[in-house]
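One structure is given below, encoded as structure tokens.
Within every chain, numbering begins at 1; the chains are lettered A, B, ... in the order of the sequence lines, protein sequences first and strands thereafter. Computed from a predicted structure; not experimentally measured.
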There are 2 protein chains.
Amino acid sequence: MQAGSEQLGSSCPCEPPAPFLYGAETAGTRPGMCVAAVLPAGGSGERMGGATPKQFCNILERPLISYTVQAFERVTWIRDIVVVVTEENLDLMKSIIQRYGHKRVTLVEGGVTRHRSIFNGLRAFAENMPLGFQLPKPEVVIIHDAVRPFVDEDILFKVATSAKECGAAGAIRPLVSTVIASSPDGCLEHSLERTRHRASEMPQAFVFDIIYQAYIQCSNYDLDYGTECLHLAQKYCNIKARLIEGSPDLWKVTYKRDLYATESIIKDSLLQQICIITDMKEDTVQVGFLLREVLKTQVKQVKGISSSLCKNVHHLQNMFTEQCFNFIGINDKDSNFLVTQQIVDILKSTSLAVLYPIVLISVHFIVSENMSFSSRVEELSGIRELANEAKKKNILVYGLLMDYTKDNLRLRETVTQGTTVIAALIKDRSPGLIGQILVV
Amino acid sequence: MQAGSEQLGSSCPCEPPAPFLYGAETAGTRPGMCVAAVLPAGGSGERMGGATPKQFCNILERPLISYTVQAFERVTWIRDIVVVVTEENLDLMKSIIQRYGHKRVTLVEGGVTRHRSIFNGLRAFAENMPLGFQLPKPEVVIIHDAVRPFVDEDILFKVATSAKECGAAGAIRPLVSTVIASSPDGCLEHSLERTRHRASEMPQAFVFDIIYQAYIQCSNYDLDYGTECLHLAQKYCNIKARLIEGSPDLWKVTYKRDLYATESIIKDSLLQQICIITDMKEDTVQVGFLLREVLKTQVKQVKGISSSLCKNVHHLQNMFTEQCFNFIGINDKDSNFLVTQQIVDILKSTSLAVLYPIVLISVHFIVSENMSFSSRVEELSGIRELANEAKKKNILVYGLLMDYTKDNLRLRETVTQGTTVIAALIKDRSPGLIGQILVV
């Protein structure tokens with residue numbers, strides 16, 4: 001029935017998780033059972049008012065669903081991730097999986113309603129798939145919306161272990177607005193007591209046999225008009241569904257404003273680290289340390305700043321596993337783009353920029369005594385071409401030209417002005433300004 | 001009881017509304033009755049996880065509540081706007097009213113719960129205020145949250161006229177999540193049928209005597225734990241409350257992500273118009289027209305672009321009433337900042353930039369034959385000081401340096417590259433990059 005099923009990428013559970021930026025980590029804790037996930041992504045996104053279903057809307061030039069898949073990939077104890085999409089989006093989803101290097105993902109064609117899509121997803125573990133491929137049946141299955149990208153390992157762990165205990169478990173949140181029932185003539189009938197009610201969110205988890213049996217037994221009416229998986233499990237399998245308070249980050253991307261919020265949250269999370277790279281020259285190392293000091297006080301979200309030598313490729317590569325998406329390359333006055341170019345080359349050799357746009361700020365100096373500002377600007381005009389090349393790999397290069405002076409106080413002042421510009425560039429990540437040389 | 005009551009600004013109903021950017025206009029339609037508004041703003045914002053209550057959080061350097069007040073000010077048929085804040089925020093709110101020039105606003109001190117605050121707000125129309133001041137009693141009163149800034153005239157009109165008819169009316173929205181009731185042991189008890197339930201939002205409107213009587217009669221329990229004004233009116237005054245479908249924009253700013261969304265929505269709305277200003281020289285007029293043509297095709301949200309002569313102050317001032325917040329000043333090669341400076345001076349003489357940061361892009365040329373790029377950059381270094389001065393008035397000035405050529409095709413290409421930079425600058429409105437000269 002799930003005609004478009006196809007295994008993409010590797011299903012090896014030992015692969016390291018993709019870098020991920022959000023939420024609490026339950027590092028090392030594993031639920032001690034076989035867990036899989038089903039992500040229904042068949043929605044049409046009619047509430048967005050746009051033609052593109054919201055799960056395929058781009059955030060920093062990457063579709064929303066890719067962020068959600070990534071959130072599951074980084075959880076090593078989730079073995080298979082089944083993504084359910086409508087027939088017309090199968091090819092699009094395949095290309096997303098390939099382009100962003102997603103692993104452990106199986107694609108299944110959806111049904112006409114959300115419940116039918118989830119049912120199709122579950123069948124991939126229980127019935128023969130068309131190409132003779134069948135996923136191993138998990139003990140517990142997590143169901144999660146493709147349009148809730150900020151799910152973290154902590155809540156996944158909680159719903160999975162609670163489900164194993166009770167049969168079913170789901171995340172809830174306090175109500176933001178009072179809920180009311182309306183009468184047929186469009187008037188208020190009654191309002192619900194807010195303290196006794198909750199919004200049912202995702203993720204939810206189930207003992208696989210329970211939810212699968214519930215879907216097999218449930219009526220067509222349930223499949224077409226039901227909204228609550230927990231309710232189905234309870235109704236057909238006589239279990240109690242445990243409710244677990246989730247974080248506000250579990251909210252569902254529903255309206256255009258939610259896409260705006262998602263982009264800002266992701267941009268914010270990318271600010272957390274800046275890596276400063278210099279060569280071995282005394283002047284550049286000095287500016288590097290000064291920049292590091294000032295950035296630590298000015299840019300609120302800088303967690304760690306590393307100063308390193310450019311030839312130390314190993315150290316630089318460590319930055320990647322530490323999820324650094326902002327680099328400052330400090331170039332010696334005689335070498336123009338040497339350090340910047342080296343950083344670009346190393347970044348290109350990794351897959352870091354595949355997932356997020358990397359900001360690389362190419363810092364240059366004017367040493368007042370022996371060069372003019374204007375000739376220096378002219379010398380650096382090559383940055384345009386460098387930036388255009390790097391952009392093809394999702395690396396955003398901007399230039400920053402600073403006065404260098406031996407006077408430590410004045411240098412500190414210049415560097416402080418420089419950090420204002422740096423902070424603005426890494427905050428906005430604007431592709432429209434790449435290749436520009438900003439001056440302080 | 002409302003010790004901090006004080007009338008600030010004028011209460012003349014004939015004043016023109018402040019410029020406002022959002023939503024449908026019910027231009028010219030007036031509900032034919034005396035309407036006032038009460039904005040409870042006493043919340044502590046604990047869900048935001050920050051120290052500042054959300055109504056006082058800054059969006060583009062202006063507190064959220066000022067946007068909501070502005071939304072009411074522009075509706076000419078709303079006579080008095082009562083804002084209810086806690087005692088410790090009275091001075092802050094006074095300074096906001098003064099700084100952003102809000103009119104028709106009366107400040108009232110809140111109670112310890114939302115209902116007690118609303119009750120205090122209503123008393124300003126019905127009981128003697130401490131300083132002997134009492135607002136005229138309205139026929140209908142609209143109650144709205146300070147943290148729902150995007151309320152438009154259309155929904156205000158609908159709730160006000162429905163309230164006059166039925167006694168009470170309120171905006172509702174479809175539920176985004178399924179609502180469930182939980183059992184005392186933290187399990188799912190039942191889930192509500194989504195089609196029969198709605199989220200109760202704001203604004204709500206009431207015949208004044210009805211809601212005031214409801215508050216006089218209602219119990220302490222209602223005042224302390226009730227959530228729904230419509231419910232109180234129904235319970236104590238035996239009326240039917242009409243429910244009206246509102247737009248998604250009515251949502252309540254609750255979490256940090258909502259502040260992000262609000263900022264993006266406001267920034268988006270500021271993009272809608274760009275005004276291009278040149279002097280009378282042939283070259284600059286030509287570039288102005290070309291820029292206008294290209295911008296129309298490249299920047300999606302440009303609604304109207306005006307080319308005008310800088311001396312035509314009257315025309316420029318029209319731009320303000322048309323709510324234009326983006327200006328491009330095209331300066332002749334011989335005059336450096338003449339046009340830009342004139343725009344800054346005119347902008348300073350208006351109050352436009354009091355409400356929103358204005359972007360002003362100062363365009364300059366290199367005429368390849370008779371000047372060098374580098375010397376031109378040096379000539380324009382004065383932009384830094386100009387930008388720093390303008391920033392004090394909330395005007396963000398950026399420089400754009402373009403190659404000028406008589407070759408129309410090449411010029412068009414340069415202008416097209418210029419629009420990419422312009423689009424990035426007006427989208428981000430980054431204070432950190434003011435005074436920079438970007439080059440295409």
Side-chain angles (χ1 to χ4, degrees), chain A residues 47 166 170 172-173 175-182 185-188 190-192 194 196-201 227-228 230-231 234 240-243 248 251-252 254-255 257-258 260-265 372-375 377-378 420-421 423-425 427-428 430-433 436-439, chain B residues 47 166 170 172-173 175-182 185-188 190-192 194 196-201 227-228 230-231 234 240-243 248 251-252 254-255 257-258 260-265 372-375 377-378 420-421 423-425 427-428 430-433 436-439:
Chain A
R47 277 184 282 203
C166 308
I172 52 166
R173 288 285 307 154
L175 295 176
V176 169
S177 306
T178 300
V179 174
I180 53 155
S182 58
D185 63 343
C187 290
L188 173 66
H190 63 270
S191 63
L192 301 183
R194 236 157 109 172
R196 285 205 53 233
H197 292 88
R198 292 284 181 281
S200 174
E201 309 286 347
T227 55
E228 191 48 70
L230 294 178
H231 176 71
Q234 199 155 304
K240 277 192 143 188
R242 172 79 52 86
L243 304 176
W251 105 103
K252 177 158 69 173
T254 308
Y255 299 108
R257 67 166 186 266
D258 297 317
Y260 286 141
T262 304
E263 178 170 329
S264 296
I265 291 169
S372 82
F373 168 75
S374 46
S375 63
V377 169
E378 213 136 17
T420 306
V421 173
L425 291 171
K427 179 173 173 287
D428 295 335
S430 176
L433 300 183
Q436 293 291 340
I437 298 173
L438 306 165
V439 182
Chain B
R47 277 185 281 203
C166 309
I172 53 167
R173 288 284 308 153
L175 295 175
V176 169
S177 306
T178 300
V179 174
I180 53 154
S182 60
D185 63 344
C187 290
L188 173 66
H190 64 268
S191 62
L192 301 183
R194 237 158 108 171
R196 286 206 51 232
H197 292 86
R198 293 284 181 280
S200 173
E201 309 287 346
T227 57
E228 191 47 70
L230 294 178
H231 175 72
Q234 199 155 304
K240 277 192 142 188
R242 174 81 52 85
L243 304 176
W251 106 103
K252 178 157 69 173
T254 309
Y255 299 108
R257 67 166 185 265
D258 296 316
Y260 287 141
T262 304
E263 178 169 326
S264 296
I265 291 169
S372 83
F373 168 75
S374 47
S375 64
V377 169
E378 212 135 18
T420 305
V421 173
L425 291 171
K427 178 172 174 286
D428 294 335
S430 176
L433 300 183
Q436 294 291 340
I437 297 172
L438 306 164
V439 182

Relative to chain B, which of [options] shows the most heavy atom pairs under 4.5 Å?
options	result
S264(A), S182(A), P431(A), A424(A)	S264(A)
G432(A), C166(A), S200(A), G170(A)	S200(A)
R198(A), R196(A), H197(A)	R198(A)

Minimum heavy-atom separation for [X] and [Y], please, with both atom names.
X	Y	answer
C187(A)	R242(B)	SG-CA, 4.1 Å
Y260(B)	A261(A)	CB-CA, 4.2 Å
L188(B)	Q234(A)	O-NE2, 3.0 Å
V421(A)	Q436(B)	CG2-NE2, 3.8 Å

To the nearest 0.5 Å, how far apart are OG in S430(B) and CG in D428(A)?
4.5 Å
Quick one: pull up NE2 in H190(A) and CG in L230(B) and give me the separation to the nearest 0.5 Å.
14.0 Å
Counting heavy-atom pairs under 4.5 Å to chain A, which of L192(B), V439(B), D185(B) comes out on top?
V439(B)
From the list I172(B), D258(B), I180(B), the residue making the most non-hydrogen contacts under 4.5 Å with chain A is I180(B)
Counting only N and O atoms by type, is there a donor-acceptor contact under 3.5 Å from the side chain of [X] to the main-chain atoms of [Y]?
X	Y	result
K252(A)	S177(B)	no
E228(B)	T178(A)	no
R257(A)	W251(B)	no

Bottom line for I437(B): the part with an atom under 4.5 Å from chain A's heavy atoms is backbone
